[in-house]
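All remarks here apply to the structure that follows.
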Amino acid sequence: MPSFERSAVVDAARDVFWRRGYAEAGIVELEEATGLTRSSLYNAFGSKRGLFDAVLSAYLDDVVRTRLRPLGGGDPGALEAYVDEMRSAIESDAPRARLGCLLLNAGSSSLASDDAEVRTLVSDYAAEMRAAIRAAVADRRPDLTPDAVDALAAVCASLVVAGLTLARADRDAALSTLASVAPTLESWG
């Protein structure tokens, strides 16, 4: 039985991977952040990559799915609330929010170009996000045809991805991009 809280270790490692990326995160840095020795990390997670996989899995469950869950539940304002939550986090200068989306960062890194598992994980995440946004668009705009809902959802999902990607490099552009979701929802069709 490990003498540490697995979720706390994963959370501490998440900050390192989120800030530095997989390739740049060093094992010494991960040891310092988690308070575990290299051998403890390897015993618990198998490898640096195993730790990274645990981080991505936890991020998907704890952050992404928690935020996506209200979308498509019948609330016509859910998509705007989802986007407003992201904008508020980026505006607040919360350290994690200013780093963009961990999964999108992983998807745009050299790791994704070399690793089919990471590409699949990011692709599945994008599909899950698009489906949730599509359901939220359908709730918000019941006046649109299914094809129009699909098109509007694709645009809104693209704006969200762009905003979350820009958050790391250009806060103002990220905020502006996310702010364009609501008027796009309103004016479409």
Side-chain angles (χ1 to χ4, degrees), residues 7 10-11 14-15 17-19 21 53-109 112 117-189:
S7 63
V10 169
D11 196 48
R14 180 188 311 176
D15 286 338
F17 287 124
W18 209 339
R19 192 176 63 255
D53 290 342
V55 163
L56 291 180
S57 178
Y59 178 80
L60 192 56
D61 288 340
D62 300 342
V63 177
V64 172
R65 290 188 176 124
T66 299
R67 286 188 172 150
L68 292 179
R69 196 168 293 120
L71 300 180
D75 178 359
L79 184 55
E80 289 97 329
Y82 167 76
V83 171
D84 286 346
E85 180 184 357
M86 286 183 281
R87 289 186 73 233
S88 293
I90 293 167
E91 282 178 323
S92 74
D93 276 333
R96 287 180 172 178
R98 288 299 307 274
L99 295 173
C101 172
L102 178 61
L103 282 164
L104 293 174
N105 294 347
S108 61
S109 72
E117 288 180 45
V118 171
R119 286 193 306 274
T120 298
L121 180 67
V122 173
S123 178
D124 290 350
Y125 153 61
E128 190 173 336
M129 180 180 59
R130 283 191 307 269
I133 288 175
R134 194 226 179 267
V137 168
D139 287 344
R140 175 70 172 80
R141 294 295 307 272
D143 58 306
L144 297 177
T145 67
D147 286 345
V149 168
D150 289 344
L152 178 54
V155 169
C156 290
S158 296
L159 290 169
V160 168
V161 168
L164 293 176
T165 302
L166 286 166
R168 188 174 189 102
D170 187 339
R171 174 184 163 185
D172 292 337
L175 293 170
S176 176
T177 300
L178 290 170
S180 67
V181 172
T184 301
L185 274 171
E186 195 63 36
S187 66
W188 194 269

> Is the closest basic N to carboxylate O distance between Glu80 and Arg140 below 4.0 Å?
Replying inline: yes
>> If we check side chain to side chain contact (heavy atoms under 4.5 Å, CB included) with Val155, which of these qualifies: Thr184, Asp150, Leu185?
In response: Thr184
> Are the side chain of Ser92 and the backbone of Ala89 linked by a donor-acceptor contact shorter than 3.5 Å?
Replying inline: yes
> Stepwise, does the side chain to side chain contact (heavy atoms under 4.5 Å, CB included) test hold for Asp75 with Asp139?
Replying inline: CA-CA 6 Å; Asp75 178 359; Asp139 287 344; 5.8 Å; no
>> Please find the pair of heavy atoms, one from Ala179 and one from Pro183, that lie closest to each other, and give the distance.
In response: O-CD, 3.1 Å
> Are Glu128 and Arg65 ion-paired here, with the side-chain N under 4.0 Å from a carboxylate O?
Replying inline: yes
> Does a side-chain heavy-atom distance below 4.5 Å link Arg141 with Glu186?
Replying inline: no
> Can you list the steps and then say if Glu91 with Arg87 is a side chain to side chain contact (heavy atoms under 4.5 Å, CB included)?
Replying inline: CA-CA 6 Å; Glu91 282 178 323; Arg87 289 186 73 233; 4.1 Å; yes
>> If I compare all heavy atoms of Ala162 with all of Thr177, which pair ends up nearest, and what's the gap?
In response: CB-CG2, 3.9 Å
> Are any of the side-chain heavy atoms of Cys156 and Trp188 separated by less than 4.5 Å?
Replying inline: no
>> I'd like to know if the side chain of Asn105 and the backbone of Gly100 have a donor-acceptor N/O pair within less than 3.5 Å.
In response: no
> If you look at every heavy atom in Leu71 and Ala78, which pair is closest and at what distance?
Replying inline: CD2-O, 3.5 Å
>> Determine whether Arg134 and Val149 satisfy the following criterion, side chain to side chain contact (heavy atoms under 4.5 Å, CB included), listing intermediate values before the conclusion.
In response: CA-CA 7 Å; Arg134 194 226 179 267; Val149 168; 3.4 Å; yes
> What are the two closest non-hydrogen atoms of Val122 and Leu103, and how far apart are they?
Replying inline: CG2-O, 3.4 Å
>> Testing the basics here: between Ala174 and Ile90, what is the closest heavy-atom pair and its distance to 0.1 Å?
In response: CB-CD1, 4.4 Å
> Below 4.5 Å, heavy atoms only, C-beta onward: do Ser176 and Asp172 meet side chain to side chain?
Replying inline: no
>> Could you walk me through whether Thr165 and Ser108 satisfy the side chain to side chain contact (heavy atoms under 4.5 Å, CB included) test, starting with their C-alpha distance in whole Å, then the side-chain angles of each, then the deciding distance to 0.1 Å, before giving a yes or no?
In response: CA-CA 9 Å; Thr165 302; Ser108 61; 5.7 Å; no
> Out of curiosity, Tyr125 OH to Tyr59 OH, how far, rounded to the nearest 0.5 Å?
Replying inline: 5.5 Å
>> Nearest 0.5 Å, please: how far is CG in Leu164 from CG in Leu102?
In response: 11.5 Å
> For the residue pair Met129 and Ala157, what are the closest heavy atoms and their distance?
Replying inline: CE-O, 4.2 Å
>> Strictly distance-based, threshold 3.5 Å: is any side-chain N or O of Ser123 a donor or acceptor partner for the main-chain N or O of Arg119?
In response: no
> At what distance, to the nearest 0.5 angstrom, does CG of Leu99 lie from CG of Asp15?
Replying inline: 8.5 Å
>> Testing Asp62, Val55, Leu56 one by one against Val10 for a side chain to side chain contact (heavy atoms under 4.5 Å, CB included), which residue passes?
In response: Val55
>> If I take atom OG1 from residue Thr66 and atom CG from residue Asp61, how far apart are they, to the nearest 0.5 angstrom?
In response: 8.0 Å
>> A side-chain contact here means heavy atoms from C-beta on lying under 4.5 Å apart; do Glu117 and Leu121 qualify?
In response: no
